[in-house]
**Q** 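Dumping the structure here so I can ask a few things about it.
No experiment lies behind these values; they were computed from the predicted model shown. Both counts, for ligands and for their atoms, begin at 1 and track the order of listing. These numbers come from the heavy atoms of this one structure, side chains and all, not from hydrogens, waters or symmetry mates. This chain uses plain numbering: 1 for the first residue, then up along the sequence.
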Amino acid sequence: MQNEYEIKKEMCEIGRRVYNRGMVAANDGNFSVKLNDNEFLCTPTGVSKGFMTPEYICKVDANGNVIQANKGFKPSSEIKMHMRVYKERPDVKSVVHAHPLYATTFAIAGIPLTQPIMPEAVIALGCVPIAKYGTPSTEEIPDAVEEHLQYFDAVLLENHGALTYSDSLLNAYHKMESVEFYARLLWQSMQIGGPQELSKEQVERLYEIRRQFGLPGKHPANLCPNAKAGKPSCHTCGGGCGTAKAASATIGNADADLVASITKKVMDQLGMN
Ligand SMILES: [Zn+2]
C-alpha cells in the first residue's frame, strides 16, 4: 500500500509521461487519485504537468473544496469533472484528463471511436463515445460525461480532449495511452484506404475472453448507448461485460500485462499471429 507521499510522487511521474508523450500542451491536462471517500489528491491548475514535484499536489474533499494546498497552488479548474466520475463510479480510484493529439482530433471532428480494428483496443476499451461539448470548469462537462459513465472507462470530450478512469492511477493513465493509440491507428489507416474491421465473431470472442478474465471496469455490452440508438458500435458482447468482480482482486496493476496476454491467446486462437 502506497503512502500519500508515494502517491504524490507517482502523480509527478505520470505527469512527466503525459507531457513527454505530447498528450498535453503547455499547462493543460489534470489527474486525480482517490485516497478515501472524502479525500482526493489532484494536480494543480496553471502548471506544466511535466515538471511537478510532490509539493505541487493539492488535496480536496468530495465536493472539490480544498483541504490542503501549498502556497501558490490551487486545484485544477476541472476538478468537478473528476468528482462526478468518483460519485457515479465507486469502483474508480483515479481519473486522468488530457488532450492527446489524435483522440482530440476525433473529438473535434465529432467522430467517436467505434470501429473494432485491433484486439487490444476491443478488449481494453470496446468503443469510446463522445460526451457533448461543455464549457470547461462549469457543471456542463460533468453533466455531459455522466450519461457515459456506467458503460465506458474512456470518453472523448467534444471539441476538447479525452477522459479515462480506472482502479489505479497507472491503469487510468494506460487507458489514456490506449485511447490515443487506437485513435492514431484509426486515423492512419483512414489515410491508406480505411481500416479492415474485425468481424462480429472476432469481436465476440475477444469480449468473451474479457469476461472470462473478469477485467475490472465498465465496458460496452448490450447496454451500449450507441447500440441502443442504432449507431455504429462494438456491441456484440452479449451483456454483463466488465461486471465480473471475481478475478479483479488478483489483477490490479497487472491489467496491461493481462490485456496483452489475453490478446495473444485470442490471436493465436484466431490464427492471427
Ligand atoms: Zn482539458
**Q** Under 3.5 Å, is there a donor on one side chain and an acceptor on the other for Glu55 and Thr53?
**A**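 Yes, side-chain donor-acceptor contact under 3.5 Å.
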
**Q** How many angstroms lie between atom CG of Leu149 and atom OH of Tyr86, to the nearest 0.5 angstrom?
**A**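 Separation between the atoms: 12.0 Å.
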
**Q** Take His160 and Thr104 through the test side-chain contact (heavy atoms from CB on, under 4.5 Å) and record every step on the way to the result.
**A** CA-CA 6 Å; His160 182 167; Thr104 306; over 6 Å; no

**Q** Between the side chain of Thr43 and the main-chain N/O of Phe31, is any donor-acceptor distance below 3.5 Å?
**A**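 Yes: the side chain of Thr43 pairs with the backbone of Phe31.
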
**Q** Show all protein N/O/S atoms under 2.8 Å from the Zn ion (ligand 1), or state that there are none.
**A**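 Short answer, with waters excluded from the count: His97 NE2, His99 NE2, His160 NE2.
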
**Q** By the side chain to side chain donor-acceptor pair (under 3.5 Å) test, which pairs, at least two apart or in different chains, include something from residues 129-138?
**A**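 Of all non-adjacent pairs touching residues 129-138, those that pass side chain to side chain donor-acceptor pair (under 3.5 Å) are Lys132-Glu147, Thr135-Glu140.
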
**Q** In a check of side chain to side chain contact (heavy atoms under 4.5 Å, CB included) between Val96 and each of Val179, Leu163, Asn30, Leu169, which one passes?
**A**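 Going through Val179, Leu163, Asn30, Leu169 one by one, the side chain to side chain contact (heavy atoms under 4.5 Å, CB included) with Val96 is satisfied by Leu169 alone.
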
